[in-house]
Enquirer: 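Below is one structure. I have some questions about it.
Just so we're on the same page: letters track the sequence lines, and every chain starts at 1.
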Amino acid sequence: MLHRIEGEQLVKAVDLNGHLVRLKIQPAADTAMLLIEFPQNEPPEIRTAAACYVREWFGLDEDLEPFYAMARKDPLLAPVVSAHRGLRLIGIPDLFEALAWAIIGQQINLPFAYTMKKRLVETYGEALPGEDPWSGPERFFPRPDVIAALTPDDLRPLQFSGRKAEYVIGVAQLLEEGRLSKRSLLRMEAAEARETLLAIRGVGAWTADYVGMKCLRHPSAFPAADAGLHQALKIGLGLGRKPLPAEIEQAAAGWRGFEAMATFYLWQSLL
DNA sequence: AACCAGGGAAGAT
DNA sequence: ATCTTCCATGGT
């Protein structure tokens with residue numbers, strides 16, 4: 001799989017400037033630090049790249065206090081941040097993975113979406129040598145050039161609908177052709193990046209904001225139409241039904257600048 | 001069986 | 001511009 005948990009260790013294969021390494025990440029005892037373990041001696045620049053990767057993946061450079069100061073005064077968020085104190089927004093640093101995962105998750109239940117992603121990774125993702133007897137080898141998320149060469153019929157056996165297959169392949173082709181890149185999106189203002197994403201077939205407001213949250217780390221990205229967010233509001237506000245657009249707007253009125261964190265914490269409250 | 005699920009495109013008005 | 005329909009599939 002893409003990553004696995006082994007006791008206290010999180011294991012993931014990552015591509016660091018062309019170096020394919022298996023990282024083992026675990027909390028360092030009695031400190032607030034993380035320990036990153038390498039299988040063999042890697043040069044210092046790769047160790048640094050690994051640290052940067054982990055910092056971005058888990059948003060370690062973000063100061064949570066301003067968000068907490070806001071959330072403590074918000075009756076909906078207060079109990080959620082209290083229950084998950086210290087949690088950071090777990091990102092999806094790779095743009096193709098973020099877009100593909102968002103498209104896969106459109107309009108289907110989450111367990112099935114995970115199954116589809118797993119099939120995609122195990123069918124088209126490159127394996128890192130060395131195998132775990134139970135979970136199989138660590139795999140990388142499929143490279144855009146591999147998916148770009150497929151036709152929708154190739155993905156049908158994985159139970160992709162024709163549309164999902166078209167969307168994912170189309171995004172892979174944009175990336176492979178260099179007409180879309182995370183680097184260029186990060187150079188733009190958040191609103192411009194959002195418009196760029198919305199122009200892609202298969203990417204609507206929800207997907208653009210999801211990618212803004214999880215990949216570009218735009219603090220104000222807010223997938224207001226998200227079904228999980230609606231579920232959290234239904235429960236948190238005791239509505240007994242899905243919230244109306246006006247109720248969502250009212251709930252989020254005080255979240256300015258922290259919409260992404262608020263949404264992420266509310267998703268956590270559903271687990 | 002009906003409705004929902006971490007929507008979006010295409011067509012209709 | 002905004003509303004409606006269709007897309008596909010598994011879970012509850």
Enquirer: Strictly below 4.0 Å, N to O, side chains only: are A:R241 and A:E247 in salt-bridge contact?
Expert: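 Salt bridge flag = yes for A:E247 with A:R241.
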Enquirer: Which atom pairs, one a donor and one an acceptor, fall under 3.5 Å between side chains of residues 69-79 of chain A and the rest of the protein, sequence neighbours left out?
Expert:
| unit_1 | atom_1 | unit_2 | atom_2 | d |
| --- | --- | --- | --- | --- |
| A:D74 | OD1 | A:L76 | N | 2.8 |
| A:D74 | OD1 | A:L77 | N | 3.0 |
| A:D74 | OD2 | A:W255 | NE1 | 2.8 |

Enquirer: Could you check how far CZ of A:R241 sits from P of B:dC4, rounded to whole Å?
Expert: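 It works out to 14 Å between those atoms.
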Enquirer: I'd like to check the side chain to side chain donor-acceptor pair (under 3.5 Å) partners of A:W57; sequence neighbours left out, ordered by chain and number.
Expert: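 Applying side chain to side chain donor-acceptor pair (under 3.5 Å) to A:W57 gives none.
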Enquirer: With a cutoff of under 4.5 Å between side-chain heavy atoms, which Ile, Leu, Val, Met, Phe, Trp and Tyr residues group with A:L270?
Expert: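 Same cluster as A:L270: A:I235.
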Enquirer: Starting from C1' on B:dC4, measure out to CZ on A:F112 and report it in whole angstrom.
Expert: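 It is 15 Å, rounded to the nearest whole Å.
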Enquirer: Under 4.0 Å from OP1 or OP2 of C:dT9: is there any side-chain N or O of A:R119 that close?
Expert: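 A:R119 to C:dT9 OP1/OP2: no side-chain N or O under 4.0 Å.
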Enquirer: Can you tell me, in whole Å, how much space there is between the C1' of B:dA1 and that of C:dT12?
Expert: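 To the nearest whole Å, 12 Å.
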Enquirer: How long is the line joining CG of A:D153 and P of C:dA8, in whole Å?
Expert: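 In whole Å, C:dA8 P and A:D153 CG are 12 Å from each other.
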Enquirer: If we take the P atom in both B:dG8 and C:dG11, what is their distance in whole Å?
Expert: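 It comes out at 22 Å once rounded to the nearest Å.
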Enquirer: Round to a whole Å and report the spacing from CD of A:Q231 to P of C:dT12.
Expert: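 To the nearest whole Å, that distance equals 13 Å.
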Enquirer: Scan nucleotides 6-8 of chain B against the protein and return all N/O pairs shorter than 3.5 Å with their distances rounded to 0.1 Å.
Expert:
| unit_1 | atom_1 | unit_2 | atom_2 | d |
| --- | --- | --- | --- | --- |
| B:dG6 | OP1 | A:L110 | N | 3.3 |
| B:dG6 | O4' | A:D226 | OD1 | 3.3 |
| B:dG6 | N2 | A:Y210 | OH | 3.0 |
| B:dG7 | OP1 | A:A227 | N | 3.4 |
| B:dG7 | OP2 | A:Q107 | N | 3.3 |
| B:dG7 | O5' | A:Q107 | N | 3.3 |
| B:dG7 | N7 | A:Q107 | OE1 | 3.1 |
| B:dG8 | OP1 | A:G204 | N | 2.9 |
| B:dG8 | OP1 | A:G204 | O | 3.4 |
| B:dG8 | OP1 | A:T207 | N | 2.9 |
| B:dG8 | OP1 | A:T207 | OG1 | 2.6 |
| B:dG8 | OP2 | A:W206 | N | 3.2 |

Enquirer: What pairs with A:L174 under side chain to side chain contact (heavy atoms under 4.5 Å, CB included), at least two apart in sequence or on another chain?
Expert: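 Applying side chain to side chain contact (heavy atoms under 4.5 Å, CB included) to A:L174 gives A:R179, A:L180, A:I200.
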Enquirer: Can you check the A:I104 CD1 to C:dT9 P distance for me, whole Å?
Expert: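 The answer, rounded to whole Å, is 15 Å.
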Enquirer: Quote, to the nearest angstrom, the P distance that separates B:dC3 from C:dT5.
Expert: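 It comes out at 15 Å once rounded to the nearest Å.
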Enquirer: So which pairs with a foot in residues 75-98 of chain A pass side chain to side chain donor-acceptor pair (under 3.5 Å), sequence neighbours left out?
Expert: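 Qualifying pairs: A:E97-A:K117.
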